[in-house]
Amino acid sequence: MNRRAVAVGVAFAAIVLGSGAFAADLPLKAPPKAVDFNPFWAEADYLAWSVTGDKLPALVTTAPVGTPLGSAGVLGQPTTTVLFGNSSVNNDWRSGGRITAGYWFDPQRRSGIEASFFGLENASTGFAANSGATPILTQPFTNALTGLPDALIASFPGIFTGSVNASETSHLLGAGALYRQEFGAWNGQRISALIGYRYLRASDTLWITGTSASLVFGDFTSTDNFKATSNFHGLDLGLAGDWRNGPWSLEWRGKVALGANLNTADVSGSTISTIAAVTTTVPGGFLALASNSGHFSQTKFAAVPELSLKAGYEIAPAWRLTFGYDVLYWTGVQRAGGLIDTTINPNLIPPGPPAGPTRPLPVMNTTNLLAQGFSVGVRYNY
C-alpha cells in the first residue's frame, strides 16, 4: 500500500514538473496593440454667406428735363428720382473660406483646443452717371441755413455739364480660439462646454466724386471719402453637441461673445476748381467738409451670438466631408453710411468763404450686422 502511494506520488510529481517545463518552453502571448491616437485635426470650408448691407442716405438724384432749377433733384419733390443711395449696398452673397485646426488632450476626445480663421471676399457696389445720359444730376442735402431740402447741381441743361461717380467696398473677417471640455451626454450626444477668445473685423470704404463744368462759373471736382472700421475683441462662451452613428455625424454649437467694439472713422474731402484758367485744390468736398473731417474713434460694448450646425460623412479613413449652416449677429458695428450727416451749410462748400452754422457734424451712428450662410468642407484627422 505504501509502495503504491509512493509510486503514484512520484508519477504525479513527474507529470507536474514535466508539464511546467513544457509550459515554460511556450512563447509568451504578445500584449494587445495600443490603439493609434492622432490628437491633431484640421478642417477647410468653402463659405457662401450673405451679410447685412450698409444703409446709405440718398446721395444722387435726378429729375426730368424741364424741371425748374430750384426744385431739380430736391428730395420730397414729385419729380425727383433717387439714382444712388436711400438703400442698402453690398448685401449680396459672397464667397469665402474658413480654416480650423485643433488638438485633443486625450484619446477619448473629451477635452481639447482649437483655433479658426474666416474671411469673405470683398463686396463692392459702384455707380456712375453723366450729363450725356442724364441731363439733370444732383446731390441732395438738407440746407442748414433754411432747414429745408436742397440739392447741389452737378449738371443741368444750358448751365452745367458734369458727372457723379461713387463706390463702396465692404470687408468682413474673423478669428478665434477655444478650449473644449466634455461634461456629459444627452440623447446619445456628447455635450461640451466652450470658452475662448473671439475677434471680428468689418470695414467699409465709400467715396463719391462729382464734377461740374460751366463756361460762366468754371470747373469743379469734389471728392468725399468715408472709411468706417469696427474691431471686436471678446470672451467667447458656449455649448457644443456631437452625435455619431456609423459614418454619419451631426455637430451643433451655440455661442455668445461679450466684449468691446473699437470703432474708428476717417472722413476727408477735397475740391479742385478751375476758374479763369487758375486751378486750385482745397480741403473739403461736399459731404466731407472741414466741420466733419478727421479721424474719430469710440469704444462700445458689443455682443456676438452665433449658431452653427454641421453634418458630416466619413468618406475614407480619417477623412470626413461636411455640410453646414452658420448665423452670426454682431451689435454696434460702424458702417460708412453711419458717418454721413446730410445737413449741410452751403457756405462751407468750397470755394465760398465759410460763414454760418457748423454743419455737417462728425457722426458715428452704429448698427447691427447679420452674417449667415452655408459651408462645404473636408476634415482630416492626422
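Note that the structure is a prediction, hence the values are computed from the model and not measured. Along the sequence shown, residues are numbered consecutively beginning with 1.
No hydrogens or angles considered: nothing links the side chains of Glu168 and Thr205 as a donor-acceptor pair under 3.5 Å. For the 3.5 Å distance criterion, the side chains of Thr274 and Thr279 qualify, holding a donor opposite an acceptor. Residues Tyr197 and Asp236 bring no donor and acceptor atom of their side chains to less than 3.5 Å of each other. Side chains of Thr61 and Thr138: a donor-acceptor N/O pair is present below 3.5 angstrom, by distance only. Inspection of the Gln372 and Tyr329 side chains reveals no N or O donor paired with an N or O acceptor under 3.5 Å. At a cut-off of 3.5 Å, with distance as the only test, a side-chain donor of Asn90 or Ser170 sits close to an acceptor on the other residue. With hydrogens and angles left out, the side-chain atoms of Thr280 and Ser273 include a donor and acceptor closer than 3.5 Å. No side-chain donor-acceptor contact under 3.5 Å links Asn345 and Arg359. Counting only N and O atoms by type, the side chains of Asn261 and Trp330 include a donor and acceptor under 3.5 Å apart. Using modelled atom types, one finds no donor on one side chain facing an acceptor on the other under 3.5 Å when comparing Ser293 with Ser268. In this model, no donor atom of one side chain and acceptor atom of the other lie less than 3.5 Å apart for Ser155 and Thr161.
Proximity of a side-chain donor or acceptor of Asp341 to a complementary backbone N or O of Ile344 within less than 3.5 Å is not detected. In terms of modelled atom types and a separation under 3.5 Å, the side chain of Asn143 and the main chain of Leu145 share a donor-acceptor contact. Using modelled atom types, one side-chain atom of Arg320 and one backbone atom of Pro247 make a donor-acceptor pair closer than 3.5 Å. Listed for the Ser116 side chain is no donor-acceptor partner under 3.5 Å among the backbone atoms of Ile99. In this structure, the side chain of Thr134 does not engage the main chain of Ser131 through any donor-acceptor pair within 3.5 Å. The backbone N or O of Leu289 sits nowhere less than 3.5 Å from a side-chain atom of Asp224 that would complete a donor-acceptor pair. A distance-only check finds no donor-acceptor pair linking the side chain of Asp92 to the backbone of Ala123 [under 3.5 Å]. Using a distance-only test at 3.5 Å, with no hydrogens or angles considered, a donor-acceptor pair links the side chain of Thr271 to the main chain of Gly284. A distance-only check finds a donor-acceptor pair linking the side chain of Asp106 to the backbone of Arg109 [under 3.5 Å].
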Stepwise side chain to side chain contact (heavy atoms under 4.5 Å, CB included) test for Phe296 and Met364: CA-CA 8 Å; Phe296 310 95; Met364 295 186 71; 3.9 Å; yes
Ile275/Phe220 under side chain to side chain contact (heavy atoms under 4.5 Å, CB included): CA gap, chis, key distance, verdict: CA-CA 9 Å; Ile275 303 174; Phe220 301 89; 4.0 Å; yes
Test log, rule side chain to side chain contact (heavy atoms under 4.5 Å, CB included), inputs Leu206 and Ile340: CA-CA 10 Å; Leu206 169 68; Ile340 302 174; 3.7 Å; yes
Test log, rule side chain to side chain contact (heavy atoms under 4.5 Å, CB included), inputs Leu194 and Leu178: CA-CA 6 Å; Leu194 308 173; Leu178 287 170; 4.3 Å; yes
Chi angles and distances behind the side chain to side chain donor-acceptor pair (under 3.5 Å) call for Thr221, Thr211: CA-CA 4 Å; Thr221 299; Thr211 65; 5.4 Å; no
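Note on Arg190 versus Glu182: salt bridge recorded, some NZ/NE/NH1/NH2 to OD/OE distance being below 4.0 Å. For Lys227 and Asp266, the salt-bridge test fails: no basic side-chain N is under 4.0 Å from an acidic carboxylate O. Asp326 and Lys310 are not joined by a salt bridge, as no carboxylate oxygen comes within less than 4.0 angstrom of a charged side-chain nitrogen. Using a cut-off of 4.0 Å between Lys/Arg side-chain N and Asp/Glu carboxylate O, Asp242 and Arg244 are scored as salt-bridged. Ion pairing of Glu306 with Arg198 is present here, as a side-chain N (NZ or NE/NH1/NH2) and a carboxylate O approach within less than 4.0 Å.
With a 4.5 Å cut-off on side-chain heavy atoms, Leu250 and Leu309 count as touching. Counting heavy atoms from C-beta on, the side chains of Ser50 and Arg94 never come closer than 4.5 Å. In this structure, the side chains of Tyr179 and Ser111 come closer than 4.5 Å at one or more pairs of heavy atoms. You'll find the side chain of Val256 stays beyond 4.5 Å of the side chain of Val304, heavy atoms only. A 4.5 Å side-chain heavy-atom check between Asn130 and Val164 finds every atom pair outside the cut-off. You'll find the side chain of Leu200 stays beyond 4.5 Å of the side chain of Leu173, heavy atoms only. Contact annotation: the side chain of Asp150 never approaches that of Leu148 to less than 4.5 Å [non-hydrogen atoms, C-beta and beyond]. Between Asn38 and Phe40 there is no side-chain heavy-atom pair separated by less than 4.5 Å.
Ring centers of Trp49 and Phe118: under 6.0 Å apart, within the cut-off. A distance below 6.0 Å separates the ring centres of Phe105 and Tyr103. Aromatic ring centres of Phe374 and Tyr46: separated by at least 6.0 Å. Less than 6.0 angstrom separates the ring centroid of Phe141 from the ring centroid of Phe286.
Summarising the geometry of Arg201 relative to Asn231, their closest heavy-atom pair is NH1-OD1, 3.0 Å, with the distance given to 0.1 Å. Residue Leu172 comes nearest to Ala202 through the heavy atom pair CD1-CB, 4.1 Å, listed as atom of the first residue, atom of the second, then distance. Here the closest heavy-atom approach between residue Phe226 and residue Ala336 is recorded as O-CB, 4.2 Å. Between Pro283 and Pro350, the shortest heavy-atom contact is O-CG, 3.7 Å. Nearest heavy atoms, Ala303 versus Thr331: N-OG1, 3.0 Å. Smallest separation of non-hydrogen atoms from Thr299 and Leu262: OG1-CD2, 3.5 Å.
Classification of the Tyr380-Trp319 ring pair by plane angle, with boundaries at 30° and 60°, yields tilted.
Note on Leu56 and Val51: separate hydrophobic clusters, where clusters join Ile, Leu, Val, Met, Phe, Trp and Tyr whose side-chain heavy atoms are under 4.5 Å apart, directly or indirectly.
We find the OG1-CG distance between Thr223 and Asn165 to be 9.5 Å, quoted to the nearest 0.5 Å. Taken from CG in Leu239 to OG in Ser192, the straight-line distance is 9.0 Å, to the nearest 0.5 Å. Annotation: the span from Arg110 atom CZ to Trp104 atom CH2 amounts to 11.0 Å, rounded to 0.5 Å.
The environment of Leu321 atom CG is dense: over 12 non-hydrogen atoms of other residues, nucleotides or ligands sit within 6.0 angstrom. Remark: Ile315 CD1 is packed, more than 12 non-hydrogen atoms of other residues, nucleotides or ligands lying under 6.0 Å away.
Cluster partners of Val278: none. The rule joins Ile, Leu, Val, Met, Phe, Trp and Tyr whenever side-chain heavy atoms lie under 4.5 Å apart, and it links nothing here.
Remark: of the listed residues Thr366, Thr264, Asn263, Asn263 is the sole one forming a side chain to side chain donor-acceptor pair (under 3.5 Å) with Ser230. The only option from Glu314, Glu114, Glu251 that meets the salt bridge (charged side-chain N to carboxylate O under 4.0 Å, His left out) definition with Arg379 turns out to be Glu251.
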